[in-house]
> 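First the structure, which I've put down as structure tokens, then a few questions once you've had a look.
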Amino acid sequence: AQSVTQLGSHVSVSEGALVLLRCNYSSSVPPYLFWYVQYPNQGLQLLLKYTSAATLVKGINGFEAEFKKSETSFHLTKPSAHMSDAAEYFCAVGSNFGNEKLTFGTGTRLTIIP
Amino acid sequence: ETGVTQSPTHLIKTRGQQVTLRCSSQSGHNTVSWYQQALGQGPQFIFQYYREEENGRGNFPPRFSGLQFPNYSSELNVNALELDDSALYLCASSRSPDTQYFGPGTRLTVL
């Protein structure tokens with residue numbers, strides 16, 4: 001079984017400040033890990049993914065995430081927040097074992113303070 | 001390369017009715033997955049189709065059913081609608097396990 005916990009349903013940061021969104025996972029098999037972003041009234045857009053290659057993953061819009069197996073974490077960071085980063089962010093876990101089902105966390109709403 | 005499209009965008013139904021939602025996969029993608037996203041929640045896996053066969057199902061009752069067609073487009077059917085079925089329904093297509101591409105979703109409201 002797989003599960004994802006996102007710590008903090010709401011995060012507020014000032015424009016230009018560091019963004020840190022936390023994600024911890026549980027998986028009985030080697031995981032694939034994903035971060036998706038959702039803007040209001042839209043579907044999900046893939047930000048980045050970890051699929052057992054490099055542990056530091058770079059994605060779109062300046063975001064990156066680091067896979068830490070010992071901490072079962074996959075936190076999302078961005079050095080400098082921009083107003084356009086305001087959205088809902090979802091962490092998800094999947095696997096390569098026949099079924100591409102994704103298990104999502106409950107999401108973190110990111111607010112950028114001007 | 002076209003993206004994943006879904007229709008309709010919005011839909012309003014009453015309890016007990018039936019609904020069909022449609023999804024066109026991204027070109028070359030042979031796998032489609034459906035998710036339900038209730039308000040304020042993360043998406044929940046409903047089921048997945050691979051080459052027209054169901055390839056996994058989440059914790060949803062049998063009144064949720066699906067089809068995948070030879071061109072890899074897909075339908076989600078829900079019978080006997082309940083108020084709790086009100087949600088955003090997302091379709092995702094893929095051709096490998098490491099990336100799913102999501103459509104914009106269909107917002108279903110059950111009154």
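So that the names make sense, note that chain A is the first sequence line, chain B the second, and so on, each numbered from 1.
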> Flag yes if B:Y50 and B:Y72 sit in one hydrophobic cluster, no otherwise; membership is Ile, Leu, Val, Met, Phe, Trp, Tyr, and two members link when side-chain heavy atoms are under 4.5 Å apart.
no

> Is chain A contacted by the side chain of B:Q44, its backbone, both, or neither, given a heavy-atom distance below 4.5 Å?
neither

> Nearest 0.5 angstrom please: A:L76 CG to A:L33 CG, how far?
12.0 Å

> Is it true that B:V32 and B:L21 fall in one hydrophobic cluster, defined by side-chain heavy atoms closer than 4.5 Å?
yes

> Heavy-atom cut-off 4.5 Å, strictly under: side chain, backbone, both or neither for A:L46 against chain B?
side chain

> Take A:H10 and A:T111 through the side-chain contact (heavy atoms from CB on, under 4.5 Å) test and state the conclusion after the steps.
CA-CA 8 Å; A:H10 292 85; A:T111 299; 5.7 Å; no

> Applying the ring pair (Phe, Tyr, Trp, His ring centres under 6.0 Å) test to A:Y89, which of A:Y39, A:Y36, A:F63 qualifies?
A:F63

> Sort A:T106 into side chain, backbone, both or neither according to what part of it lies under 4.5 angstrom from a heavy atom of chain B.
both

> Just so I understand: if I count every heavy-atom pair under 4.5 Å between each of B:P104, B:P43, B:G105 and chain A, which residue has the most?
B:P43

> Hey, is CZ on B:R63 packed in by over 12 heavy atoms from elsewhere, all under 6.0 Å?
yes

> With only heavy atoms counted, which part of B:Y35 is less than 4.5 Å from chain A, the side chain, the backbone, both or neither?
side chain

> Given that the side chain runs from C-beta out, which part of A:Q38 has a heavy atom under 4.5 Å from chain B: side chain, backbone, both or neither?
side chain

> Taking every heavy-atom pair that is under 4.5 Å apart, which of A:C91, A:G43, A:G105 has the most such pairs with chain B?
A:G43

